[in-house]
Amino acid sequence: MDENQPKVFGIMGYPLAHSLSPLLHNRIYEAMGQKAVYKKFETRNPKACLDQIKALGVKGLCVTIPYKERVLSYLDTLHPSALEIGAVNTILNQEGRLVGYNTDGPGALRAIKEVMDLKGSSCLVVGAGGAARAIAISLRKEGARLYITNRSPENGLRLARDVQGTYLGLEALKGMELDLVVQATSLGMYPNMDAWPFDPEILKAKMVMEVIYNPLETKFLRRAKELGAKVILGYKMFVYQAMLQIRLFWGQDPPLELMEGITQEALLHHESPK
Ligand code: NAP
């Protein structure tokens, strides 16, 4: 490949119309002085798309909904971060060999560990989808005592078993005292911002984290704050998982404050799903 040509990176998923990643990555590459472009690979056929990625020499790829699990079987190697979570959100093209990583769990963990110590803490994860699984597995590795709750008990029970945690229905949550509650369902996300899985008033949480980043503050988080909890906004996880992706792509850390600024500004000024 011609060294004067910009390196190509991108995001694969469907749909991608409102993805925040191209804006963020392109601005950050520029700030890092890198000659590169970050493109959208919106596709219904992830396998064919990955063949193209190899053929075109695309250096790295972010993977989003709905392909984080599907791509596992299309890759040449899986890094332990992807193996332990069972999902891939980042692919590196190492001279034609596609290697899968996961930065969602580590990104969430970084946001949490900035503000609390997890060892021996009691943590409730609300949800049992991809985000909940990545976070629960990461919390478990840090020595947290884990509880899972979810709309569908069968999914919640499966996740609880996988992380040696305890599944609890809504009734059992009443009056519980917890160090951390992570809201990891899609309830409350734009445009259905009036939704939440339950009123956080039913329990007592010292810290509450949200995975949704649009809106910047969900109804669940607002209520938790009113009840006296400290909160971690969902955009923090978004920024940190993206920072770890950029570290994998470029072998160096991006300017974190600039990443936060770009993300916050984009979320404040665009009332659409990201
Ligand atoms: P997912 O795999 O589809 O899981 C969705 C979860 O939400 C499941 O637990 C599901 O419960 C629950 N749920 C969905 N609709 C519900 C409803 N009407 N009532 C009660 N529970 C409901 O999605 P995901 O990939 O985990 O994503 C979840 C959220 O995390 C999304 O908003 C996504 O944007 C966000 N996210 C944020 C970041 C970040 O960096 N901040 C990273 C990844 C994801 P069932 O099991 O019963 O279906």
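It should be emphasised that the depicted structure is a prediction, and the values quoted were computed from it without experimental measurement. Counting starts at 1 for both ligands and their atoms, in listed order.
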Tell me if the centroids of the rings in Tyr147 and Tyr167 come within less than 6.0 Å of each other.
no
Side chain or backbone, does [X] bring an N or O within less than 3.5 Å of an N or O on ligand 1?
X      : value
Lys68  : no
Gly127 : no
Ala131 : yes

Would you indicate which of [options] comes nearest to [atom] when only heavy atoms are counted?
atom                    : options                        : value
atom 18 (N) of ligand 1 : Lys236, Arg158, Arg151, Glu210 : Arg151
atom 28 (C) of ligand 1 : Pro66, Ala132, Gly130, Ala184  : Ala184
atom 20 (C) of ligand 1 : Leu187, Leu159, Thr185, Asp104 : Leu187

Heavy atom of the protein closest to [atom] (residue, atom name, distance):
atom                    : value
atom 11 (O) of ligand 1 : Asn150 OD1, 3.2 Å
atom 41 (N) of ligand 1 : Val211 O, 2.8 Å
atom 42 (C) of ligand 1 : Met237 CE, 3.6 Å
atom 47 (O) of ligand 1 : Ser152 OG, 2.4 Å
atom 4 (O) of ligand 1  : Gly129 CA, 3.3 Å
atom 5 (C) of ligand 1  : Ser186 OG, 4.2 Å

Please determine which of Lys219, Arg222, Gln183 meets the side-chain hydrogen bond (donor to acceptor under 3.5 Å, both in side chains) test together with Glu210.
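Only match with Glu210 under side-chain hydrogen bond (donor to acceptor under 3.5 Å, both in side chains): Gln183.
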Less than 4.5 Å apart, any side-chain heavy atom of Tyr38 and any of Val8?
no
Among residues at least two apart in sequence or on other chains, which ones pass ring pair (Phe, Tyr, Trp, His ring centres under 6.0 Å) with Tyr240?
none
Just jot down the ligand 1 atoms closer than 4.0 angstrom to any heavy atom of Asn155, in number order.
45 (P), 46 (O)
Once you measure the plane-to-plane angle for His25 and Phe249, does it fall in the parallel (<30°), tilted (30-60°) or perpendicular (>60°) bin?
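Ring orientation of His25 relative to Phe249: tilted.
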Look at the aromatic rings of Phe9 and Trp250 and report parallel, tilted or perpendicular, splitting at 30° and 60°.
tilted
Is the backbone N or O of Asn155 less than 3.5 Å from a side-chain atom of Asn150, with the two atoms forming a donor-acceptor pair by type?
no
Would you say the side-chain atoms of Gln241 pair up with the backbone N or O of Phe238, donor to acceptor, closer than 3.5 Å?
yes
Checking contacts here: is it the side chain or the backbone of [X] that comes within 4.0 Å of ligand 1, counting heavy atoms only? Could be both or neither.
X      : result
Ile212 : side chain
Tyr213 : side chain
Met189 : side chain

Which residues pass the side chain to side chain donor-acceptor pair (under 3.5 Å) test with Gln245, sequence neighbours left out?
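Result, side chain to side chain donor-acceptor pair (under 3.5 Å) vs Gln245: Thr90.
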